Every structure is written in C-alpha cells, then in structure tokens.
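Notes follow once the structure below has been shown.
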Amino acid sequence: MDTAPLYMDTGSATGVQLPTIGGGRTDTPAQRVSGPSKEVHVEDFLSRYSTSVRPGERVSFGTYFNAFPASYWRRWTTVDSVRLSVETSGTGSVIVYKSNARGALQRVDSVRVDGEAVSNFDLTLKPFGDGGWYWFDLVAGSTPVVLKAAEWQAEGDAKTPGTITLEITTLNKTDFCINNLRLLAENPQALEHVKELILVDQGTQKVADAEGFAEVAEALTGKLRIINQDNLGGSGGFARGMYEAVENGSDYALLMDDDVVVEPESIIRLLTFADLCKTPTIVGGHMFDLYNRTVLHTFGETVNPYSFQPDLPSDEMTLGHDFLSSNLRQTGWLHRRTDVDYNGWWMCMIPTKVIREIGLSLPVFIKWDDAEYGLRAKAAGYPTVSMPGAAVWHVSWIDKDDLVGWQAYFHARNRFIAALIHSPYEYGGKVVRQSYSFDVKHLVSMQYATAQGRIMALRDLLAGPDQLHSLLPGKLPEIRSMMSGYSDSQFSSDPDSYPAPKMDKPPKHGHGVRPPSYVGLLPWAAKTVIRQLSAPLTQASNDRPQANVAHQDNRWWRMSQYDSAVVSNAEGTGASWYKRDPKQLRRMMAESAKLHAELLKDWQKLSIQYKNALTEITSIAAWEKTFAAHSEQIEK
C-alpha cells in the first residue's frame, strides 16, 4: 500500500493548466489543479494485474508505472504507434488521455463497457516529439467495474527477444540479496529471457551460507550462479557481470545493486524497449527511495561539462519528487522527455555489442564508473535512456555523506580521471580550482582524514593510469589504515564518551555562527584561514569540545570558527571529535596546492595518457587478468 500512488491515482487532477493573460499564453510556470484523493482500499486489488473500481468512482492509470511514456518510444525505437488493450467486466467507461511536453492534458477517446469486454485503442506516436504520455482512466457505473488486464502493445520486428545476464554485485548484504532472489523467483515471467542470474559475492558474509538461500536457489531453476571474488569494489563487480555476459553469449548485461528491491516488470520493459531501439542503446531504470517509497530520487542525470559534476537535465526538475504529494498528471516537468548522459548502475542494461566495442568499466573501485561509461558510450555513438516505468527501490543517500570519509578518495580521483578523458575544455573547465577549494573547506573544517584521502587521490592520479588495476584490492584497506590515525574519523556511538562542551567565550551578541555574506566572502575566508593557521590553541579546547554539532550543521563556515567540536555522522549512529591542528593544516594545504598546481600544469599531458590507456585498462583481457588473480579460476 505504500506504493499504491505509483500504480493507481484516485485524485481528481485534470492535468497541468496553462495560465492566460489577456487571452494569450504566457511562459509562467504551469499551475497544478488537484482535489482530495479518495482512499485506496487493499481489498480492491484483485491480483498484480487486476483491480476493482467501486460504483460511481474513477481511477486513473496516469501513474508512474502504468502510463505509457510515448515520447521515449517515439524518439529511440522503431515503434510509431501503440495499441492499448483493456480487458474489463462490469458497467462503466474506459477513457484514454494524452499529454504534451508541457503536461497539458488532452482527451483522446472513450468507450462504454458492459459485461465482459476488451477495448482496443490504436494510438499514434507522432505528436510526442519533445515529451508526453498516454494513459487511461476507468469510471464505474452503478456497479463495480473490474480491470482484469491491460497492456500497451506494439508491432516490432519479428525476431526472438534478446537474452539477458542479470548480475548483482554484493558486499555483505545477504538479507537484501535473498529477498531479491526470492522476488525474482516468484515472478518467473520477468526471468523468461534471463539466461543467467549471476551474484558476484565480494563479501565475508557469503550469500550462499545465508538462511533461505537453498530454497531460493532451487526456485530459480538452475539460472543462478555465484562467483566469489575479492572486494574489487562496485566497478570490479559490475565489470565481472559485463564480462560474464559477453562470455556466455547474452545480448545484454543487466547490472543491479544489492541493496535494492526490484519491480520485476521493469526487467521485461527494459528488454522490450532495448530490443526495439533503432541503435544499440543502454537502457536504465529509475531509483525510488526504499524507505519512502513514493519518492523518486531523480528522473535523469547528465554531467555538467564545465564543473564536471552530476547535474539535472533541466532547471524544472527536482530531486526527491514525491508522487504522493504531486502525481504524474499534476507535475509538468515529468512530461518533458529527459535525455541523459548516463544511468546509475542500481539498474542498468548494457548491450553486449557495446561492451565488445568500448570495453568494460573503468577499474576505479567505486564512484564515477557509471557516469564515465555513459559518456564513453555516447562518444562512440551509443545513447543512454533512463526509462520511465522501470525502477528499483534503493537505499537513498539521505543518511549518507560520501564526500567525507574513506569515499572522498574515490570521489576526488575518479572525477579527475573521467574529466581527463571526457572534458571538452582545455584544462578541464573549473574542476581543478574547485577541487582545491574543496580541500581548503575540508581543512578549515578540521576534516583532516578526508583531506589526506583527497591528497592521496591526487598522488595516485598523477602516477598515471597503468596502476589502476593493481590498486583495486588494496586501496581501501590503505585508506582505512591512514584514517585510523585521525580523531575526526574515529567514531563513538556513546554520546557520553566525550566531555561536555564548553565555550571559552560567549557567542558575539548572543548569536551563533552565521554564514558570511556573498560580498564579504573572500576577505572573511582569508581572515578565517589566517586564524586557523596562526591562532594559538588553548588547553581547554584540547581537553573538551567547544560545541556539539549535528551533521546537518556541519558546514565549513561554521566549523572553521571552532578549535574543537564533536560532530555527528550522517547516519546518526555516532560522532567524532574534530580538533584544530595548525601544523596539519599548514602541511596539507601546502601539499594540496602543490599537487593541484602540478595537475593543472600537466593536464594536457595527463589527458593524453589516460585517453591512450582507456582501451587497454577497460579491455576484456585486462579485466580477465584481474579476475583470475582475485577470484576462482576462469575457465576458457
């Protein structure tokens, strides 16, 4: 019932309305029109494909999982028309609607139904150049009307559907894995064209040893294969999935995270769409929040070429859209087709033809592997489509901060690697100077372990691409060992394990720390850095923290005003004691400046090195050697 709004809409939304001034349309934002939603009753759901509409009520299937994203099919596939087939019983009406790229609703057709009926609607895709959806509503008469089944159908090439190797990479997420295997086993139609279901287990808590594994393995009728492998990170696990899909002759490698719950119908939709694409196309699913299930993380992602950061494709799009508060028909930007640079590897299907041509993942452990692969495919002429109506529920990043801690190394290094290979700017746009500003912010925030990890990242980056494979198994233990020597990365779950905070002086004018104004930012920042470097430390700040700081308040302009503070982590499971250390600050700031200057000076030379090495380090042969050294022997 948590996910019901993604399948059925009982509200009275009539689509996005365009405001008028003096009888003419304006470019002002589209307005919502909505009414109170009627309660959805669990007893109305008759099966996964069937539901009942109560007398006198209307249910719309203009929803995320049931509306037809017509513009995507028009743009990327050979399909030019679609048939909606609706099987019902009882008395009522089937009403078909469409929207345009602005989200404005248009009634297309309707039919009265009485008794057992099959209603077919042949619908053209011609008007959907920039966006728009098709959907239908059911209206019951004086008695209930039952939706027995409904399908969106299209005529495609008379060829056998492609075959899939579905690969899940896991690290000690046994419960998630068993749940997903069971879910797939219970939906055999989703596995009809799956040649192999491969679980790459890189953890110490093996899925094969978990309770319930034997039962689900048997239910999967021989399709499941487990590969035990050293922890080579997400890129090592997903590269293994790509490799195995090529080796076993599958048409597609479907990569999926371990900490997800999959909507099984998504597998069928990704395959059908990919089979009908005009050219080999990477097709990915969206990600919903596992713990707030009507919230869509993002509708599509691009890479800003100047900052070389993940970006949203349009200014209208919002992160974390909740379909419970604003359904598909109410939300204008959801109707515009979103073209992307890449799709996250929480659920992403890659044609093996593409893999054979452009190679496997970069050997970068985690972070930026999916974005770089999408950019690489795009450069080779293979698009990526993030397809509405195909999705998983994934543990979101609300309670994570992977820019701080051990993952900061991989964020910094891998972003630079991707930029060196793909940035269209001579010196990578603003990526170098922005990276240095990140280092300064971490340092004045007393996040010395994070800053040291980023310095290690720059050293390894400057060492060149040839060592990337050899770094895979050992880099994370090295980073963890380094961080154990810094108090800002040593966590305690007991709030009473640290002394009670006390400030030597009361806050100025009774106010806490406030962010600097935009106008005075540079002089304020310079003054702050000088204070951090030169102000003497008091014994009191060393003996006890000056404040307790919640994670959401852990901002550089606030932390830079303290000499000592206990700071909560993003998960809320513990806290660490940040302590100002001018000696560490001077050393790290100087080394960071030196390394960034060297990177900027050698950018073009390094770019050539990484571009020239790309084919080799992502090749099947290179990865095969890595797999052989860190897993069961590969049989040729």
Side-chain angles (χ1 to χ4, degrees), residues 1 3-15 33-70 73 79-100 103-128 132-156 189 263 265 268-269 272 323 327-330 335 388-389:
M1 296 302 289
T3 62
L6 303 179
Y7 297 87
M8 292 171 55
D9 184 0
T10 59
S12 60
T14 55
V33 175
S34 63
S37 295
K38 295 183 178 68
E39 185 177 356
V40 177
H41 300 274
V42 67
E43 60 268 25
D44 291 340
F45 295 111
L46 306 178
S47 75
R48 210 168 131 67
Y49 300 99
S50 177
T51 190
S52 177
V53 182
R54 298 188 171 202
E57 294 192 358
R58 172 192 289 254
V59 168
S60 176
F61 295 91
T63 56
Y64 177 84
F65 278 120
N66 279 319
F68 183 77
W73 287 82
V79 176
D80 56 17
S81 65
V82 65
R83 171 173 287 183
L84 169 62
S85 181
V86 182
E87 183 180 356
T88 57
S89 65
T91 303
S93 297
V94 182
I95 310 172
V96 179
Y97 296 92
K98 70 177 181 180
S99 64
N100 60 21
L105 175 153
Q106 301 171 38
R107 182 175 173 136
V108 176
D109 200 355
S110 66
V111 64
R112 292 275 298 166
V113 294
D114 190 7
E116 302 289 330
V118 176
S119 306
N120 292 320
F121 304 88
D122 291 314
L123 308 167
T124 180
L125 299 186
K126 287 182 180 178
F128 296 95
W133 300 64
Y134 276 122
W135 67 89
F136 70 97
D137 289 8
L138 282 183
V139 182
S142 58
T143 58
V145 62
V146 173
L147 174 68
K148 300 177 73 174
E151 288 185 333
W152 300 100
Q153 303 168 345
E155 292 185 5
Q189 72 280 5
E263 164 53 84
E265 177 76 13
I268 301 169
R269 295 181 182 186
T272 306
F323 282 91
N327 62 30
L328 176 65
R329 292 176 296 164
Q330 293 170 321
H335 294 257

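Position 1 is the first residue of the sequence; numbering continues from there. Just so it is clear, the structure is predicted and the values come from calculations on it, not from any experiment.
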Please table the atom pairs, donor to acceptor, closer than 3.5 Å between any side-chain atom in residues 104-113 and protein atoms at least two apart or in another chain.
from   : atom 1 : to     : atom 2 : distance (Å)
Arg107 : NH2    : Ser110 : OG     : 3.0

Spacing of Arg48 atom CZ and Glu265 atom CD [to the nearest 0.5 Å]: 6.5 Å
Ignoring hydrogens and geometry, is there a side-chain-to-backbone donor-acceptor pair from Asn66 to Tyr7 under 3.5 Å? yes
Where Pro144 and Ser52 come nearest, the two heavy atoms and their spacing: CB-OG, 3.9 Å
Nearest heavy-atom contact between Tyr134 and Thr124 is OH-O, 2.6 Å
Plane angle bin for His335 and Trp133 - parallel if under 30°, tilted between 30 and 60°, otherwise perpendicular: perpendicular
Heavy-atom closest pair, residues Val79 and Ala154: CG1-CB, 3.8 Å
How long is the span from the CZ atom in Arg54 to the OG1 atom in Thr143, to the nearest 0.5 Å? 14.0 Å
Under the side chain to side chain contact (heavy atoms under 4.5 Å, CB included) rule, what do Leu6 and Thr63 come out as? Steps first, then yes or no, please. CA-CA 6 Å; Leu6 303 179; Thr63 56; 5.9 Å; no
Can you name the nearest heavy-atom pair linking Gly389 to Phe65, along with the distance? O-CD2, 3.6 Å
Under the side chain to side chain contact (heavy atoms under 4.5 Å, CB included) criterion, do Val96 and Leu84 qualify, and how do the steps go? CA-CA 9 Å; Val96 179; Leu84 169 62; 3.9 Å; yes
Return the minimal non-hydrogen interatomic distance between Phe323 and Pro5, and the atom names on each side. O-CB, 4.5 Å
Non-hydrogen atoms of Pro388 and Pro69 that approach each other most closely: O-CG, 3.8 Å
Inter-residue atom distance Trp135.CH2 - Phe61.CZ, 0.5 Å rounding: 14.0 Å
Trp73 vs Phe68, test: ring pair (Phe, Tyr, Trp, His ring centres under 6.0 Å). Steps then yes/no. CA-CA 9 Å; Trp73 287 82; Phe68 183 77; 5.6 Å; yes
Point-to-point distance, once rounded to the nearest 0.5 Å, from CD of Glu263 to OH of Tyr64: 10.0 Å
Do the non-hydrogen side-chain atoms of Val146 and Leu46 ever get within less than 4.5 Å of each other? yes
State whether a side-chain donor-acceptor pair under 3.5 Å links Thr91 with Asp114. yes
Kindly compute the distance separating CZ (Phe128) from CG (Asp80), expressed to the nearest 0.5 Å. 13.0 Å
Show your working on side chain to side chain contact (heavy atoms under 4.5 Å, CB included) between Lys98 and Leu123 and close with a plain yes or no. CA-CA 10 Å; Lys98 70 177 181 180; Leu123 308 167; over 6 Å; no
Residue set satisfying salt bridge (charged side-chain N to carboxylate O under 4.0 Å, His left out) with Glu116, at least two apart, ordered chain then number -> Lys148
Using the rule given for side chain to side chain contact (heavy atoms under 4.5 Å, CB included), can you reason through Val53 versus Leu147, listing the C-alpha separation, both sets of side-chain angles and the distance that settles it, and then say yes or no? CA-CA 8 Å; Val53 182; Leu147 174 68; over 6 Å; no
Nearest-0.5 Å distance, OH of residue Tyr97 to OG of residue Ser60: 8.0 Å
